[in-house]
Amino acid sequence: MPELPEVETTKRGIAPFVTGRVVERVLLRRKDLRWPIPRALTTRLPGQRIDAVERRAKYLLLHTEAGSALLHLGMSGSLRITDPAAPIRMHDHYDLILDSGQALRFNDPRRFGCLLWQAPGEIHPLLQNLGPEPLGDAFDGDWLWNASRGRSAAVKTFLMDQSIVVGVGNIYASEALFAAGVHPKRAAGAVSRARYARIAAEIRRVLNYAITRGGTTLRDFLAPDGAPGYFEQELNVYGRAGEPCKVCGTPIRAEVIGQRMTYWCPRCQR
DNA sequence: CGACACACCTGGATGC
DNA sequence: TGCATCCAGGTGTGTC
């Protein structure tokens with residue numbers, strides 16, 4: 001799925017087309033994705049103007065006076081701006097039809113994404129236990145260091161915990177740890193304050209750089225204009241098992257850590 | 001509370 | 001070519 005850079009790319013892609021537009025109609029082609037789609041999407045959203053688009057963690061929020069549509073792309077979801085009359089493709093699950101004559105169309109083969117509703121003045125339960133934004137001011141090495149004391153889980157698993165810091169998924173956790181020179185299996189609680197400063201800085205740098213490249217396209221992900229992400233060409237370790245490290249030439253290792261395939265250079269990362 | 005296994009779902013790649 | 005198997009960008013839930 002889309003991690004933070006892909007969701008941010010999606011946000012930037014749709015914002016100019018949906019901000020200030022009125023949702024004329026919500027067309028659902030199925031009644032549930034990961035969870036049932038609440039009635040509010042068809043009873044409250046139509047007729048509302050989208051005042052702003054926000055990304056929080058890997059979620060997107062379309063804010064209106066009556067409440068906010070809460071979207072998640074799951075593992076394989078993508079949003080496109082399209083002509084509502086454009087042919088429906090396999091796994092096109094819903095359209096938000098706008099007063100501009102265009103539609104925001106969601107496609108998601110695996111249906112791990114969701115479409116939910118947040119009432120005005122409320123914070124949806126899914127957003128309540130999230131850690132800080134990695135590109136925001138509340139996130140730094142000291143935050144990670146403090147949060148990690150006494151934790152025995154692998155540092156890579158720790159970084160992917162959305163209650164610690166949001167937006168870092170399986171690709172960027174491996175990439176940031178490579179950039180920081182930290183072995184992904186090291187216990188989170190055994191990583192020094194200085195090394196967390198480096199990890200935090202590399203998370204920021206890698207995410208920001210990936211955003212400038214339009215994210216990473218491994219198979220499904222496309223920006224709302226249909227463009228793939230180009231960060232794949234910049235991956236140093238993810239998906240490169242057995243290939244030489246771009247820094248030292250040592251074959252990249254791969255192993256499942258915390259149920260997710262993890263990649264690292266055994267020489268550059270300690 | 002933390003750590004971990006599992007579940008959800010489809011499609012593409014791989015191997016026989 | 002056909003079929004079985006494995007793997008995939010996430011994350012809530014249940015168990016210990």
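Labels below follow one simple rule: chain letters A, B, ... track the order of the sequence lines, proteins then strands, and each chain is numbered from 1.
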With a non-hydrogen cut-off below 4.0 angstrom, is A/Q162 in contact with a base, only sugar-phosphate, or nothing? sugar-phosphate
Interatomic distance where CD1 belongs to A/I164 and P belongs to B/dC1 [whole Å]: 13 Å
If the cut-off is 4.0 Å, is A/H91 near the phosphate of B/dG11, judged by side-chain N/O to OP1 or OP2? yes
For residues 150-176 of chain A, which residue pairs qualify under ring pair (Phe, Tyr, Trp, His ring centres under 6.0 Å), counting only residues two or more places apart or in two chains? A/Y172-A/F231
Grab the CZ-C1' distance between A/F106 and B/dC9 for me, whole Å please. 13 Å
How would you list, by chain and number, every residue that makes a salt bridge (charged side-chain N to carboxylate O under 4.0 Å, His left out) with A/E133, sequence neighbours excluded? A/R55, A/R56
Find the distance A/H72:NE2 to C/dG12:C1' and express it as a whole number of Å. 11 Å
Less than 5.5 Å between centroids and less than 30° between ring planes, does A/F112 satisfy that with B/dC9? no
Starting at atom CD1 of A/I171, determine the distance to atom C1' of C/dA8, rounded to an integer number of angstrom. 10 Å
Please state the P separation for the pair C/dG14 and B/dC9 - nearest whole angstrom. 16 Å
Interatomic distance, A/R111 CZ vs C/dG12 C1' [rounded to whole Å]: 17 Å
Salt bridge (Lys or Arg N to Asp or Glu O under 4.0 Å) evaluation trace for A/R29 with A/D95: CA-CA 8 Å; A/R29 296 192 183 81; A/D95 288 0; 2.9 Å; yes
What's the shortest heavy-atom distance between A/Q118 and A/L127, and which atoms? OE1-CD1, 3.5 Å
Is it true that atom CZ of A/R204 has more than 12 heavy atoms of other residues, nucleotides or ligands lying nearer than 6.0 Å? yes
Tell me, please, which residues at least two apart from A/F17 pass ring-ring contact (aromatic ring centres under 6.0 Å, His included). none
Indicate, yes or no, whether a donor-acceptor pair under 3.5 Å links the base of B/dC9 to the side chain of A/R110. yes
Given atom CG of A/L159 and atom P of C/dG10, what is their separation to the nearest angstrom? 13 Å
Let's test your reading of the pairing rules: Watson-Crick or G-U wobble, both distances under 3.5 Å, then write DNA chain C as a dot-bracket string with ( ), [ ], | and dots. .|||||||.|||||||
Which parts of residues 145-155 of chain A get close to DNA chain B, meaning a heavy atom less than 4.0 angstrom away? A/R151, A/S152, A/A153
Touch check for A/Y238, heavy atoms < 4.0 angstrom, all strands: base, sugar-phosphate only, or nothing? sugar-phosphate
Check A/P134 against A/V165 and note the closest heavy-atom contact, atom names and distance. CB-CG2, 3.8 Å
Nearest listed nucleotide, side chain of A/R260, among C/dT11, C/dA8, B/dG11: C/dT11
Which part of the nucleic acid, if any, lies within contact of A/Y59, taking any heavy atom under 4.0 Å across all strands shown: a base, the sugar-phosphate backbone alone, or nothing? sugar-phosphate
What side-chain donor-acceptor pairs closer than 3.5 Å can you find for residues 259-270 of chain A, not counting sequence neighbours?
{"from": "A/T262", "atom 1": "OG1", "to": "A/K156", "atom 2": "NZ", "distance (Å)": "2.9"}
{"from": "A/T262", "atom 1": "OG1", "to": "A/R260", "atom 2": "O", "distance (Å)": "3.0"}
{"from": "A/W264", "atom 1": "NE1", "to": "A/H183", "atom 2": "NE2", "distance (Å)": "3.1"}
{"from": "A/Q269", "atom 1": "OE1", "to": "A/C265", "atom 2": "N", "distance (Å)": "2.8"}
{"from": "A/Q269", "atom 1": "NE2", "to": "A/L177", "atom 2": "O", "distance (Å)": "3.3"}
{"from": "A/Q269", "atom 1": "NE2", "to": "A/V182", "atom 2": "O", "distance (Å)": "2.8"}
{"from": "A/R270", "atom 1": "NE", "to": "A/R267", "atom 2": "O", "distance (Å)": "3.1"}
{"from": "A/R270", "atom 1": "NH2", "to": "A/R267", "atom 2": "O", "distance (Å)": "3.4"}

Spacing between A/D161 atom CG and C/dT11 atom P, to the nearest angstrom: 11 Å
When all nucleic acid strands are considered with a 4.0 Å heavy-atom cut-off, which category describes A/R34: base, sugar-phosphate, or nothing? base
A/Q259 CD to C/dG10 C1', in whole Å, measures 13 Å
Between A/A138 and A/P132, the two heavy atoms sitting closest are CB-CB, 4.0 Å
Can you classify the ring geometry of A/H72 versus A/Y59 as parallel (below 30°), tilted (30 to 60°) or perpendicular (above 60°)? perpendicular
